[in-house]
Amino acid sequence: MGRRVQCQILRRGFDSDVFVQNGLVTFYAKCGEIELANKVFWRLSERTIVTWTSMISGYVQNGQPLEALRVYGQMRKTNMKPEWITFVSVLKACGQVGSIDLAKWMDEYIASSEFKDAVVVNTALIDMYAKCGSINLSRDVFNRTKDKDVVMWSAMIAAYAVHGEGQEAIDLFKAMRKAGVPPNDVTFVSLLSACKHSGLVEDGWKLFHCMSEYSIQPRHQHYACVVDLLGRAGYLDRAYEFIRNMPMEPGLSIWGALLTACKIHQHVPLGELAAERLFSLDPYSTGHHVQLSNIYASARMWDRVSKLRVLMKEKGLSKDLGYSSIEINGKLQVFQVGDKSHPRFKEIFEELESLERRLKEAGFSIDAESVLHDLDHEETEETLCNHSERIAIAYGLISTPPGTTLRIIKNLRACVNCHAAIKLISKVENREIVVRDANRFHHFKDGNCSCGDYW
DNA sequence: GTAGGGTTAG
């Protein structure tokens with residue numbers, strides 16, 4: 001469709017208009033055609049700050065934060081002056097990268113600019129710090145901003161949510177009401193998400209039912225949060241009952257939440273029911289097949305596991321590749337499972353082996369059989385200690401002075417086995433380890449994790 | 001005067 005639109009534009013002679021060209025950049029980016037957007041962008045004879053911002057935000061929207069930052073760097077070389085909207089996109093890119101050093105640098109840079117008190121920029125800062133693993137720095141920005149609006153309050157609540165600080169989120173909601181700022185529907189999504197990450201079932205249930213007091217109609221997303229809230233806590237029948245009483249047709253996220261809950265609590269019948277709905281709504285999602293397979297694996301129903309694997313093969317589905325990244329001295333290192341591509345891989349694997357020995361001495365054991373069949377993660381049949389996050393941690397341990405906090409970003413959900421191992425690593429190595437997985441943050445310290453094993 | 005923007009699940 002994009003090409004046809006472009007042909008039309010060229011034929012009608014609008015191709016020299018900077019507004020039209022910028023529209024084209026934005027249009028391509030929003031269609032996911034980021035390469036085409038980039039092509040148009042570099043072909044332009046004139047680029048305004050809006051054009052640059054469109055290109056940066058285009059990369060952010062397409063999940064390519066490093067490219068976004070590269071374009072920002074190129075923009076700076078042209079002496080183009082950023083506007084506050086430009087910073088918002090750049091901050092978003094920093095949050096996606098997850099580098100706390102970069103985040104601090106941008107914060108300081110903005111603090112010296114004319115935008116230091118802009119609510120929208122500060123909201124982006126709060127979100128950025130939260131996504132880089134520092135809830136405290138998020139809170140600092142929040143505290144120093146004077147006229148907080150509903151979006152800023154909601155962003156701070158969402159920050160507590162991903163860090164598993166449910167009570168803080170609820171307390172902030174109370175403060176928000178006291179400050180006279182009315183919540184919106186997004187505030188409640190964040191609040192419910194905070195409750196479900198912390199197991200605050202009754203608080204979440206009450207919050208869901210008080211939405212009408214603010215004249216907010218619960219949307220599908222709110223219902224999905226409640227299903228997750230109940231399901232994760234083990235109230236599977238209550239969750240299913242809730243779904244059946246919904247005033248709208250339950251969609252993907254509802255059945256997805258139920259399926260996740262069935263995996264955690266090993267409930268085969270409801271899991272099969274949820275998966276059936278999911279397969280009919282979205283037949284080619286790898287994730288749903290993998291989750292059902294994992295439910296069978298945890299119930300040790302190996303025949304069904306292999307049947308499902310055959311089905312996946314027939315459908316041409318293969319599992320997503322897991323990877324983890326860690327930043328050392330400003331350089332981002334990405335590792336896959338069993339990754340031996342790093343120049344220091346020998347040292348890394350020696351460290352992994354020595355770690356595993358120390359963990360065993362400290363009494364660490366694993367449920368090898370079910371882990372090996374847990375398709376969710378990155379299994380190869382060789383060893384269990386070479387998951388990408390373990391390699392990233394080993395690399396972090398040999399590359400930083402003792403006591404340095406390690407910050408890892410993983411694209412999948414944390415694996416049960418690694419989660420247990422990292423808790424122990426934080427103790428035997430006396431390190432804080434912050435892991436951002438696909439859903440939330442885990443802060444490991446002294447043998448414990450901030451999620452309280454509830455994730 | 002036209003275009004680019006902050007909070008939302010797994």
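What you see is a predicted model; the values in this text were computed from it and never measured. Order of the sequence lines sets the chain letters (A, B, ...), proteins ahead of strands, with each chain counted from 1. The analysis underlying the following values was restricted to heavy atoms, covering all of them including side chains, and did not include hydrogens, waters or symmetry mates.
- Side-chain N/O atoms of A:S57 include one lying less than 4.0 angstrom from OP1 or OP2 on B:dG5.
- No contact: A:R440 has no heavy atom under 4.0 Å from any strand.
- A ring-centre distance under 6.0 Å is found for A:F173 and A:F188.
- Using a 4.0 Å heavy-atom distance criterion, A:D127 is classed as a sugar-phosphate-only contact.
- Within the 4.0 angstrom heavy-atom criterion, no nucleotide atom of any strand lies near A:L91.
- Defined by atom type and a distance below 3.5 Å, a donor-acceptor pair is missing between the side-chain atoms of A:D101 and A:W105.
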N/O donor-acceptor pairs under 3.5 Å from side chains in residues 119-126 of chain A, not counting sequence neighbours:
| from | atom 1 | to | atom 2 | distance (Å) |
| --- | --- | --- | --- | --- |
| A:N122 | ND2 | A:T145 | OG1 | 2.9 |
| A:T123 | OG1 | A:V119 | O | 2.8 |

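- For the salt bridge (Lys or Arg N to Asp or Glu O under 4.0 Å) criterion with A:E389, the lone passing option out of A:R407, A:R436, A:K410 is A:K410.
- Counting any heavy atom pair closer than 4.0 Å across all strands shown, A:W153 reaches no nucleic acid atom.
- For the segment residues 136-151 of chain A, residues with any heavy atom less than 4.0 angstrom from an atom of DNA chain B are, sorted by number, A:D149, A:V151.
- No engagement by A:H220 is indicated, since no non-hydrogen atom pair under 4.0 Å with the nucleic acid exists.
- Put simply, A:K92 has a side-chain N or O that comes within less than 4.0 Å of OP1 or OP2 on B:dT7.
- The side-chain hydrogen bond (donor to acceptor under 3.5 Å, both in side chains) search around A:Y223 returns none, not counting sequence neighbours.
- Here A:T48 lies in heavy-atom contact (under 4.0 Å) with a base.
- We find that A:E241 and A:R238 are not joined by a salt bridge, their nearest charged nitrogen and carboxylate oxygen being 4.0 Å or further apart.
- Among the heavy atoms of the strands lying under 4.0 Å from A:V119 is at least one base atom, whether or not backbone atoms are also near.
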